[in-house]
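Below you'll find the structure, written out as structure tokens, and then a few comments.
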Amino acid sequence: MLRGSLLAPALAAALALPEPGPAFAWGATGHEYVSGIAAQTLPDELPAFARTPEAIATIAVLGRELDRSKGAGLTHDSERDPGHYVNLDDQGEVAGVFPLEEAPLTREAYDTKLRARGFTQYKAGYLPLSIVDGWQQLVKDFAYWRAASVGARTAAGAADRAWFDQDRRRREALTIRDLGIWSHYPGDASQPLHVSQHFDGWGPFPNPRGFTTRRGTHAWFEGAFVRANVERAAVLAAMPAYRPCICTIQDRARAVILESHREVIPFYELEKAGAFTDGNPNGIAFATARLAAGTAAARDMVVDAWRASADVGVGYPMINVRDIESGKHILTRDDFGRD
């Protein structure tokens with residue numbers, strides 16, 4: 001954390017930061033790459049319904065749904081838009097207030113901590129919590145699908161088995177929808193300008209290296225430049241293998257965001273050198289690598305969600321999925337519908 005004489009100017013600059021505009025992380029092309037390739041590269045341990053060509057195509061398009069829904073209205077946009085970004089300062093602190101490692105686990109606590117220093121979650125952005133929130137929902141989706149799949153085979157009564165089979169199909173559609181929409185956020189996290197106070201030009205901060213302050217830098221890079229210059233096959237080829245993380249989802253999300261944050265200075269160096277012009281190999285390589293990082297992050301988190309879903313509870317009162325899959329508990333319709 002900044003101390004002493006550095007604190008006042010840094011705080012003043014942060015407070016002077018213009019309100020973020022519409023937070024379109026990648027354009028439609030970039031988000032479809034991230035979400036579609038992530039689904040395409042899911043390993044065979046994931047259930048087949050999430051890996052069909054139809055599911056992959058749906059997930060790809062749903063990956064940009066959170067941008068398509070913008071403009072729905074003041075209440076909708078004011079609440080949701082800040083979930084697409086987090087403004088880290090040059091030391092990796094959220095709005096210069098606390099390190100990302102110390103970010104609270106709920107939006108209420110996160111906002112309270114920011115307000116104590118004159119900020120809010122709406123100005124600082126809450127992308128880390130968007131990633132975690134959607135991932136936890138995906139874990140629950142997979143858990144209910146696992147349980148319904150077992151119930152469709154083993155519930156004692158024919159009527160119950162039929163109900164669970166219908167519920168399994170409902171869960172498949174819901175899971176594909178939730179996975180596709182949530183996958184937008186790891187994509188956002190891979191765009192360096194979505195995790196920095198320098199989100200559209202360098203902004204009102206000390207700028208000894210003369211980086212651009214031009215508004216529109218953000219939109220050009222992630223939209224028109226990607227669409228005209230980055231190939232889907234190149235993003236797929238650049239993806240690393242699954243990286244296990246014996247860690248929490250908060251740790252996983254933080255690592256993705258901080259990796260992207262380390263690319264902020266390289267981005268502005270490339271921009272200054274004219275790399276983000278059509279056909280420039282350096283700019284193309286940078287954008288391809290960032291998209292591949294977001295795609296890998298989305299895929300890896302989905303794998304983690306599937307694995308975690310075996311150890312959560314479903315129904316009411318809660319029943320552990322492992323007990324259902326092992327046969328220790330035989331499901332009845334009442335397990336999912338008791339008032």
Would you please name every residue forming a ring-ring contact (aromatic ring centres under 6.0 Å, His included) with [X], sequence neighbours left out?
X: Y33; value: none
X: Y110; value: F98
X: F225; value: F276
X: F211; value: W202, Y268

Calculate, to the nearest 0.5 Å, the distance between atoms [atom1] and [atom2] belonging to [X] and [Y] respectively.
X: L138; Y: I249; atom1: CG; atom2: CD1; answer: 9.5 Å
X: I324; Y: L331; atom1: CD1; atom2: CG; answer: 4.0 Å
X: N87; Y: Y126; atom1: CG; atom2: OH; answer: 13.5 Å
X: L127; Y: Q121; atom1: CG; atom2: CD; answer: 13.0 Å
X: H198; Y: D89; atom1: NE2; atom2: CG; answer: 8.0 Å
X: T277; Y: I284; atom1: OG1; atom2: CD1; answer: 8.5 Å

Heavy-atom check, side chain of [X] versus side chain of [Y], under 4.5 Å:
X: P43; Y: V303; value: yes
X: K328; Y: N320; value: no
X: Q166; Y: R170; value: yes
X: R68; Y: E65; value: yes
X: T212; Y: K272; value: no
X: L88; Y: L258; value: yes
X: M301; Y: V256; value: yes
X: V132; Y: L105; value: no

- prompt: With S190, which residues qualify under side chain to side chain donor-acceptor pair (under 3.5 Å), at least two apart?
  reply: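 S190 satisfies side chain to side chain donor-acceptor pair (under 3.5 Å) with W26 once adjacent residues are dropped.
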field: Non-neighbouring partners of E259 that pass side chain to side chain donor-acceptor pair (under 3.5 Å), sequence neighbours left out
entry: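 In terms of side chain to side chain donor-acceptor pair (under 3.5 Å), with neighbours along the sequence ignored, E259 is linked to R290.
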Using atom types as modelled and distance alone, determine if a side-chain donor or acceptor of [X] lies under 3.5 Å from a backbone N or O of [Y].
X: D251; Y: T248; value: yes
X: S35; Y: E32; value: no
X: D111; Y: T120; value: no
X: K140; Y: W135; value: no

Would [X] end up clustered with [Y] when hydrophobic side chains under 4.5 Å apart are linked, directly or stepwise?
X: V86; Y: F119; answer: yes
X: L193; Y: W220; answer: yes
X: I319; Y: W163; answer: yes
X: V139; Y: F142; answer: yes

More than 12 heavy atoms of other groups within 6.0 Å of [X] [atom1]:
X: R51; atom1: CZ; answer: yes
X: R227; atom1: CZ; answer: no
X: Y242; atom1: OH; answer: yes

Show me the side-chain donor-acceptor pairs of residues 173-182 shorter than 3.5 Å, one per line, residues at least two apart or across chains.
unit_1: T175; atom_1: OG1; unit_2: R171; atom_2: O; d: 2.7
unit_1: W182; atom_1: NE1; unit_2: I131; atom_2: O; d: 3.0

message: Going by the rule salt bridge (Lys or Arg N to Asp or Glu O under 4.0 Å), which residues pair with R262 if we only count those two or more places apart in sequence or in a different chain?
response: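 For R262, no residue satisfies salt bridge (Lys or Arg N to Asp or Glu O under 4.0 Å) once neighbours in sequence are set aside.
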message: According to salt bridge (Lys or Arg N to Asp or Glu O under 4.0 Å), who are the partners of E231, at least two apart in sequence or on a separate chain?
response: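 Expected list: none.
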Taking all non-hydrogen atoms of both residues, which atom of [X] and which atom of [Y] are closest, and how far apart?
X: K123; Y: Y85; answer: O-CE1, 3.7 Å
X: D90; Y: H261; answer: O-CE1, 4.0 Å
X: A189; Y: I257; answer: CB-CG1, 3.9 Å
X: I330; Y: G327; answer: CD1-O, 3.8 Å
X: V226; Y: A287; answer: CG2-CB, 4.3 Å
X: A55; Y: F49; answer: CB-O, 3.3 Å

task: Before giving the answer on ring-ring contact (aromatic ring centres under 6.0 Å, His included), spell out for H84 and H194 the whole-Å C-alpha distance, their side-chain angles and the decisive distance to 0.1 Å.
output: CA-CA 7 Å; H84 293 249; H194 266 250; 7.2 Å; no
message: Is there a side chain to side chain contact (heavy atoms under 4.5 Å, CB included) between L62 and I59? Walk through the geometry before answering.
response: CA-CA 5 Å; L62 287 176; I59 290 166; 5.6 Å; no
message: For residues 320-339, which residue pairs pass the ring-ring contact (aromatic ring centres under 6.0 Å, His included) check, not counting sequence neighbours?
response: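 Qualifying pairs, neighbours excluded: Y144-F336, F164-F336.
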Intermediate values then yes/no, side chain to side chain contact (heavy atoms under 4.5 Å, CB included), V94 and K113: CA-CA 10 Å; V94 179; K113 194 166 186 175; over 6 Å; no
- prompt: Got a salt bridge between R161 and D165, using NZ or NE/NH1/NH2 to carboxylate O under 4.0 Å?
  reply: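 Looking at D165 together with R161, the answer is no, because their closest N to O distance does not fall below 4.0 Å.
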field: Residues R215 and D200 bridged, charged N to O under 4.0 Å
entry: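 Salt bridge between R215 and D200, a charged N being under 4.0 Å from a carboxylate O: yes.
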field: Worked verdict on Q40 versus M239 for side chain to side chain contact (heavy atoms under 4.5 Å, CB included)
entry: CA-CA 12 Å; Q40 176 185 336; M239 281 182 65; over 6 Å; no
Distance-only criterion, 3.5 Å: show the donor-acceptor pairs between side-chain atoms of residues 148-157 and protein atoms not counting sequence neighbours.
unit_1: S149; atom_1: OG; unit_2: W145; atom_2: O; d: 2.8
unit_1: R153; atom_1: NH1; unit_2: S149; atom_2: O; d: 3.2
unit_1: T154; atom_1: OG1; unit_2: V150; atom_2: O; d: 2.9

- prompt: Is it true that the side chains of D141 and Q137 contain a donor and an acceptor less than 3.5 Å apart?
  reply: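 The answer is yes; a qualifying pair exists.
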task: Carefully, step by step, assess H184 and D188 under the rule side chain to side chain contact (heavy atoms under 4.5 Å, CB included).
output: CA-CA 6 Å; H184 185 98; D188 282 351; 3.1 Å; yes
field: Of all pairs that satisfy salt bridge (charged side-chain N to carboxylate O under 4.0 Å, His left out), the ones with a partner from residues 303-312, not counting sequence neighbours
entry: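 Qualifying pairs: E45-R307, R252-D304, D311-R322.
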- prompt: H218 and F199: ring-ring contact (aromatic ring centres under 6.0 Å, His included), yes or no, with the steps?
  reply: CA-CA 7 Å; H218 183 135; F199 55 81; 7.3 Å; no
